[in-house]
Each structure stands twice: as structure tokens, then as C-alpha cells.
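Fair warning: this is a prediction, and the values are worked out from it, not measured in the lab.
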Amino acid sequence: MRPEENQEKPDEKKITRHFSNPGARMPNIKIFTGTSHPEIAKKIASRLGLDLGRATTKKFSNKETNVEIGESVRGEDVYIVQSGCGEINDNLMELFIMINACKIASASRVTAVIPSFPYSRQDKKEKSRAPITAKLLANLVSVAGADHVITIDLHSSQIQGFFNIPVDNLYAEPAITKWIKENIPDWSSSVMVSPDAGGVKRMTSIADRLDIDFAIIHKERQRANEGDSTVLVGSVKNKTAIMVDDLADTCDTIVKGAEALYEAGATKVYAILTHGVFAGNAIEKINNSNLEAIVVTNTIPQDKHMKLCPKIQTIDISVMLAEAIRRTHYAESVSYLFTNVPY
């Protein structure tokens with residue numbers, strides 16, 4: 001059962017209570033940022049009417065990471081924003097050190113806000129002697145001293161069970177649904193599409209929200225030394241197709257999926273994803289593709305990608321993270337965020 005199926009009705013007074021006076025400061029809370037994505041941390045702090053906490057990160061000559069927390073955190077509710085992008089391993093080490101520094105400085109609670117959780121695709125043993133790295137990372141976050149984790153769209157929701165501390169896995173679906181309604185003129189007659197079998201649950205959930213049809217692109221393995229073929233389950237003929245997935249890495253799946261949809265008679269094809277990694281020559285593939293647009297949230301910095309590719313658009317997810325932090329700080333339920341975008 002998804003969390004939104006058993007949620008309480010939102011209390012509108014609670015939703016806006018602490019945002020009614022932007023100048024008011026929330027007590028006993030500090031927000032710090034690592035170096036992976038300071039832009040989203042600034043937006044979160046601004047939304048909450050706070051200044052980012054002072055912290056200095058540098059590297060010694062031997063490449064060891066050094067962190068200095070520049071203000072008192074004793075008795076404070078501390079939130080450290082660090083996304084799994086860029087130099088991932090260095091950024092993770094930076095996060096662990098910041099968590100530990102705040103914890104041993106007597107912070108009341110330390111929450112790791114990880115918009116894009118790294119290593120989440122390594123969540124099971126695919127073959128003999130393969131590691132389950134997502135579980136290892138969960139252990140490391142806990143051992144560093146984190147009391148709580150906030151993230152968005154884990155690759156598989158069961159990763160929450162890898163932790164021995166509370167994890168709030170927020171969904172990008174409400175923000176994606178809102179973007180579709182505001183930016184695709186004929187969305188009510190469009191078709192939601194999953195580019196592979198793994199994304200069917202996410203795709204059908206959004207299709208249900210919008211009350212529109214859906215389709216699935218199924219890959220069939222041919223004989224040895226022959227490439228995969230794709231089979232479209234459902235119809236997109238003379239309709240706008242909207243592909244959704246959680247991650248855009250090399251973009252092979254998305255670009256090939258768009259080709260298959262146009263061959264099946266789609267008039268336009270959009271791709272909407274939560275985390276835009278765009279590794280390797282992904283930008284070149286998107287520029288050369290027949291995609292109308294590829295839309296991602298800003299869990300990962302996208303400014304450089306957008307300059308190189310005009311087809312990339314972003315959805316600001318910082319409002320959801322800020323509201324999750326506010327609700328956590330005041331011990332309120334976050335279930336409202338599973339189906340709504342805060343205003």
C-alpha cells in the first residue's frame with residue numbers, strides 16, 4: 001500500500017502557518033550544505049526564512065576532506081543538504097564528516113537531506129559475489145551519526161528498510177503531475193508511457209492521478225549476437241506520449257523509447273524524470289533525438305546541462321524538501337507531500 005492511500009486530510013492552517021510571515025525565524029534549527037548542490041540548499045533555506053549555517057569545506061594536500069562547522073549547533077535540530085552527484089564518493093565523505101562534526105558538537109538531532117540518493121541501483125545481488133552497495137551506504141549514514149534521512153524517489157522503495165533510522169522517501173509525482181497540467185496543452189488526451197518494465201508502478205500512479213491511458217515499452221531479447229527489440233504494449237497513435245522514469249543516466253533507454261513511440265504513431269514525445277544525471281554523451285544523444293523536451297527535477301544541478309541542451313527543462317523540488325524539513329522540525333505528518341505540492 002502506498003502512503004497516500006492511507007493519509008489524513010490536510011489541515012490548511014498547518015500547511016501555511018509558518019510561511020505566513022516570511023520574516024519569522026524558526027527556532028532551534030540550522031541548515032548546512034555540502035559542496036555537491038549548494039543552490040538547492042539556498043532555496044530550501046530561503047523558503048524557510050533562514051540563513052544557511054556557516055561551514056567551511058576544504059581538502060588537504062593529500063586530498064583528505066576537512067570540514068569546519070563555523071557556529072554553535074548545541075541543542076539544535078540540524079539538517080545537512082548533500083545530493084549524490086558530481087564527485088559522488090568525495091561528496092559522501094564530506095556528508096559523513098559534517099554529520100559526525102555536528103553530532104559530537106552536541107546537536108540535538110542531525111538529519112541528512114539527500115535529494116538524489118547515490119548507489120540506489122545497487123540494491124540487490126544481480127550475480128554471485130556482487131555487493132549490495134545501497135545497504136552499505138545506509139549503514140555508513142547511520143554510523144556517521146544521522147538520526148533521520150530525507151530523500152526523493154529512491155530507485156526502489158525497499159531501500160528504506162536498509163536503514164535502522166527513519167527515512168522519509170518523498171515522491172516527485174505531485175510536482176510532475178502539476179508540471180504536465182501546466183505545460184502540455186493536450187495532456188488530458190495524452191498517454192503515459194513507461195520506457196521499461198521497472199518503471200510501471202511509477203508510471204501507472206501518475207496516469208491514475210491524471211486519469212489518462214498508459215502504455216509500456218517492453219524489450220525482448222533476441223537470439224545470441226542479436227540486439228534487443230522493443231514491443232509497445234498499448235496505443236499512442238495520434239497522441240502525445242509522456243515517458244516517465246526515476247533516473248536519466250546515459251539516456252539510451254529514453255532516446256530509443258522516443259524512437260519507438262514515434263514509429264508507433266505518437267505526435268509528440270516528452271520525457272519526465274526525477275534525477276537527471278546525464279552521464280557520458282547523454283546531452284549529445286538528447287540534442288540529436290526527436291524528443292519534444294526532457295524534464296527533470298533539480299535534485300541534481302542542471303545549469304550546465306541546460307546551457308548545452310535547450311530541450312532540458314527543470315522542476316523546482318526545493319519547496320517539497322523545505323516543507324518536509326518544516327514538518328519534521330515541528331513533528332507534523334509529511335503524508336500531505338505524497339499527493340500535494342506545497343504553495
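The minimum heavy-atom distance between H275 and D153, with the atom names listed, is NE2-O, 3.3 Å. A pairwise comparison of heavy atoms in V78 and C102 identifies CG1-SG, 3.9 Å as the closest pair. Of all heavy-atom pairs between S190 and I242, the closest is OG-CD1, 3.5 Å. Taking every heavy atom of both residues into account, A215 and L232 meet most closely at CB-CD1, 4.0 Å. Nearest heavy atom pair, residue S120 against residue S156, reads O-OG, 4.5 Å. Considering all non-hydrogen atoms of both residues, A293 and Q313 come closest at CB-NE2, 3.6 Å.
In terms of hydrophobic clustering, with Ile, Leu, Val, Met, Phe, Trp and Tyr side chains grouped at heavy-atom distances under 4.5 Å, V143 and V167 are assigned to different clusters. In the hydrophobic clustering of this structure, V141 groups with I80; members are Ile, Leu, Val, Met, Phe, Trp, Tyr whose side-chain heavy atoms approach within less than 4.5 Å, directly or through other members. Two different hydrophobic clusters hold V81 and M98 under the rule that ILVMFWY side chains link at heavy-atom gaps under 4.5 Å. Connection of I97 to I99 is established within a shared hydrophobic cluster, with ILVMFWY side chains joined at heavy-atom distances below 4.5 Å, either directly or through further cluster members. I300 and I159 are members of different hydrophobic clusters when ILVMFWY side chains are connected at heavy-atom separations under 4.5 Å.
Remark: D186 does not engage K239 in a salt bridge, criterion side-chain N to carboxylate O under 4.0 Å. Using a 4.0 Å cut-off between charged nitrogen and carboxylate oxygen, E332 and R326 count as a salt-bridge pair. Using a 4.0 Å cut-off between charged nitrogen and carboxylate oxygen, R74 and E76 do not count as a salt-bridge pair. Ion pairing between D90 and K59 holds under the 4.0 Å rule for side-chain N and carboxylate O. Between E39 and K43 no salt bridge is recorded (no basic side-chain N to carboxylate O distance below 4.0 Å).
Taking CD of E263 as the start and OG1 of T230 as the end, the distance is 7.0 Å to the nearest 0.5 Å. Atom CZ of F163 is separated from atom NE2 of H148 by 10.5 Å, given to the nearest 0.5 angstrom. To the nearest 0.5 Å, atom NE2 of residue H305 and atom CD1 of residue I312 are 6.5 Å apart. Note that OG1 of T35 is 10.5 Å distant from CG of L95, once rounded to the nearest 0.5 Å. One distance of note links CH2 of W179 with CD1 of I184; it measures 5.0 Å at 0.5 Å rounding. Atoms CG and CG, on D303 and L308 in that order, are 11.0 Å from each other to the nearest 0.5 Å.
A side-chain donor-acceptor contact under 3.5 Å links Q82 and S36. Using a 3.5 Å distance cut-off with no hydrogens or angles, the side chains of D77 and Y330 do not pair a donor with an acceptor. When only modelled atom types and interatomic distance are considered, N28 and H329 share no side-chain donor-acceptor pair under 3.5 Å.
Crowding of M306 atom CE: a count of heavy atoms from other residues, nucleotides or ligands under 6.0 Å exceeding 12. By the 6.0 Å contact criterion, CG on N288 is enclosed, its count of non-hydrogen atoms from other residues, nucleotides or ligands being greater than 12. For K42, the NZ atom counts as loosely surrounded, since its 6.0 Å shell holds 12 or fewer non-hydrogen atoms of other residues, nucleotides or ligands. Within 6.0 Å of atom NZ in K285, more than 12 heavy atoms from other residues, nucleotides or ligands are found, so the atom counts as buried in its surroundings. No more than 12 heavy-atom neighbours from other residues, nucleotides or ligands sit within 6.0 angstrom of NZ on K307. The number of heavy-atom neighbours closer than 6.0 Å to CD of E87, taken from other residues, nucleotides and ligands shown, is 12 or below. The neighbour count for F214 CZ, taken as heavy atoms of other residues, nucleotides or ligands under 6.0 Å away, does not exceed 12.
Remark: the backbone N or O of Y119 is not paired with any side-chain donor or acceptor of Q122 at under 3.5 angstrom. The closest donor-acceptor contact from the side chain of S333 to the backbone of S335 lies under 3.5 Å. No side-chain donor-acceptor contact under 3.5 Å links N139 to the backbone of S142. Not a single donor-acceptor pair under 3.5 Å links the side chain of D246 to the backbone N or O of L154. Proximity of a side-chain donor or acceptor of K135 to a complementary backbone N or O of F162 within less than 3.5 Å is detected. Under the 3.5 Å distance criterion, the side-chain polar atoms of H37 are matched with a main-chain donor or acceptor of N298. Remark: the backbone N or O of I114 is paired with a side-chain donor or acceptor of T151 at under 3.5 angstrom. The backbone N or O of F117 sits nowhere less than 3.5 Å from a side-chain atom of H155 that would complete a donor-acceptor pair. D147 contributes no side-chain N or O that, together with a main-chain N or O of T111, makes up a donor-acceptor pair within less than 3.5 Å. Between the side chain of N100 and the backbone N or O of F96 there is no donor-acceptor pair closer than 3.5 Å.
Contact of the D245 side chain with the D196 side chain is registered, since non-hydrogen atoms from C-beta on lie closer than 4.5 Å. The shortest side-chain heavy-atom distance between R209 and T339 falls under the 4.5 Å cut-off. P342 places a side-chain heavy atom less than 4.5 Å from the side chain of L337. Looking at L52 and F32, their side chains never come closer than 4.5 Å, going by heavy atoms from C-beta outward. In this structure the side chain of R121 reaches within 4.5 angstrom of the side chain of L247, judged on heavy atoms. Side-chain contact between I150 and I325 is present, with at least one heavy-atom pair separated by less than 4.5 Å. Two residues are said to be in side-chain contact when any heavy atoms from C-beta on lie closer than 4.5 Å; I31 and T33 fail this criterion. Counting only heavy atoms from C-beta outward, the side chains of I152 and T297 never approach each other to under 4.5 Å.
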Exercise. For the pair T328 and Y79, evaluate side chain to side chain contact (heavy atoms under 4.5 Å, CB included) and give the outcome as yes or no after the intermediate values.
Key: CA-CA 10 Å; T328 300; Y79 295 82; 3.5 Å; yes

Practice problem: List the steps, then state whether side chain to side chain contact (heavy atoms under 4.5 Å, CB included) holds for M192 with W187. | Solution: CA-CA 10 Å; M192 298 300 302; W187 67 266; over 6 Å; no

Exercise. For the pair L291 and M243, evaluate side chain to side chain contact (heavy atoms under 4.5 Å, CB included) and give the outcome as yes or no after the intermediate values.
Key: CA-CA 10 Å; L291 283 164; M243 284 190 293; 4.1 Å; yes

Practice problem: Give the intermediate values and the outcome of side chain to side chain contact (heavy atoms under 4.5 Å, CB included) for residues F278 and I286. | Solution: CA-CA 9 Å; F278 302 128; I286 297 169; 3.5 Å; yes

